[in-house]
Amino acid sequence: NAGVTQTPKFRILKIGQSMTLQCAQDMNHNYMYWYRQDPGMGLKLIYYSVGAGITDKGEVPNGYNVSRSTTEDFPLRLELAAPSQTSVYFCASRQLAGPGDEQFFGPGTRLTVL
Amino acid sequence: AQKVTQAQTEISVVEKEDVTLDCVYETRDTTYYLFWYKQPPSGELVFLIRRNSFDEQNEISGRYSWNFQKSTSSFNFTITASQVVDSAVYFCALIRAGAGSYQLTFGKGTKLSVIP
């Protein structure tokens with residue numbers, strides 16, 4: 001049971017480039033999330049999904065897109081990278097049972113946009 | 001809107017000292033959950049505890065204890081006899097029970113440095 005996995009661990013992009021951050025979970029969780037963590041700040045929600053085919057915006061969605069074609073995978077797409085997107089990105093998942101259930105986090109992807 | 005405030009940005013203590021990390025939250029909901037996460041220097045997020053709004057019992061787990069007081073909207077975290085391995089950033093977070101996303105609203109974190 002690998003839990004939540006994220007690839008890549010590190011990436012440097014040039015302004016205007018595109019990339020996809022991969023996230024997968026093997027716990028059959030319905031809910032999946034993408035957060036970003038800026039230096040000295042807590043995590044902020046970018047997008048979330050309550051199940052395959054269903055996604056919705058979080059607090060800071062601009063500049064990102066997501067899709068959820070399977071229960072396991074929840075990729076995050078950056079179309080035109082900007083320096084403001086330099087951050088650490090965390091993917092998380094949780095079961096459907098209730099709000100008190102723990103969110104399981106991936107190890108993070110550190111992205112730098114130059 | 002809900003908000004979590006961790007007023008202490010950084011704390012340094014000498015090993016074996018006790019330390020308390022403060023967390024104050026704001027929410028209009030009557031049902032909610034509070035969490036603490038630890039982020040060690042390696043960067044991953046480690047779940048420590050959750051508490052629902054109807055359970056104000058304090059909790060102790062080894063050297064860790066949590067004090068939840070609805071009257072002051074606080075959920076403070078105490079480490080007793082701190083160790084170097086406790087050095088990390090600690091986040092307090094909140095979930096609204098009625099929200100469809102069940103997203104976590106995080107505080108900005110408190111960086112704890114335990115000096116040997």
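Just so we're on the same page: letters track the sequence lines, and every chain starts at 1. Since we're looking at a predicted model, the values are computed, not measured.
Atoms NZ and CG, from A:Lys44 and B:Leu104 in turn, are 15.0 Å apart once rounded to the nearest 0.5 Å.
A 6.0 Å sphere centred on CD1 of B:Ile115 holds more than 12 heavy atoms belonging to other residues, nucleotides or ligands. More than 12 non-hydrogen atoms from other residues, nucleotides or ligands lie less than 6.0 angstrom from NZ of B:Lys38. Heavy-atom contacts from other residues, nucleotides or ligands closer than 6.0 Å to NZ of B:Lys70 number more than 12. For A:Ile54, the CD1 atom sits in a packed shell: over 12 heavy atoms of surrounding residues, nucleotides or ligands are nearer than 6.0 Å.
Residues B:Ile49 and B:Tyr32 share a hydrophobic cluster, clusters being chains of Ile/Leu/Val/Met/Phe/Trp/Tyr side chains in contact below 4.5 Å. A:Met32 is not connected to A:Val50 by any chain of hydrophobic side-chain contacts under 4.5 Å among Ile, Leu, Val, Met, Phe, Trp and Tyr, and they are in different clusters. Using a 4.5 Å cut-off between side-chain heavy atoms of Ile, Leu, Val, Met, Phe, Trp and Tyr, with links allowed through other members, B:Ile95 and A:Tyr33 fall into the same hydrophobic cluster.
In this structure the side chain of B:Gln103 never reaches within 4.5 angstrom of the side chain of A:Tyr31, judged on heavy atoms. Side-chain contact between A:Gln103 and B:Phe47 is absent, with no heavy atoms from C-beta onward closer than 4.5 Å. Side-chain contact between B:Val46 and A:Phe105: absent, with no pair of heavy atoms (C-beta onward) separated by less than 4.5 Å.
Heavy atoms closer than 4.5 Å to chain A are found nowhere in B:Leu34, neither backbone nor side chain. Heavy atoms closer than 4.5 Å to chain B are found in the side chain of A:Leu45, but not in its backbone. Neither the backbone nor the side chain of A:Phe104 comes within less than 4.5 Å of any heavy atom of chain B. Using a 4.5 Å cut-off between heavy atoms, B:Gln39 contacts chain A through its side chain alone, with no backbone atom that close.
Side-chain atoms of B:Tyr33 do not come within 3.5 Å of backbone N or O of A:Glu102 as any donor-acceptor pair.
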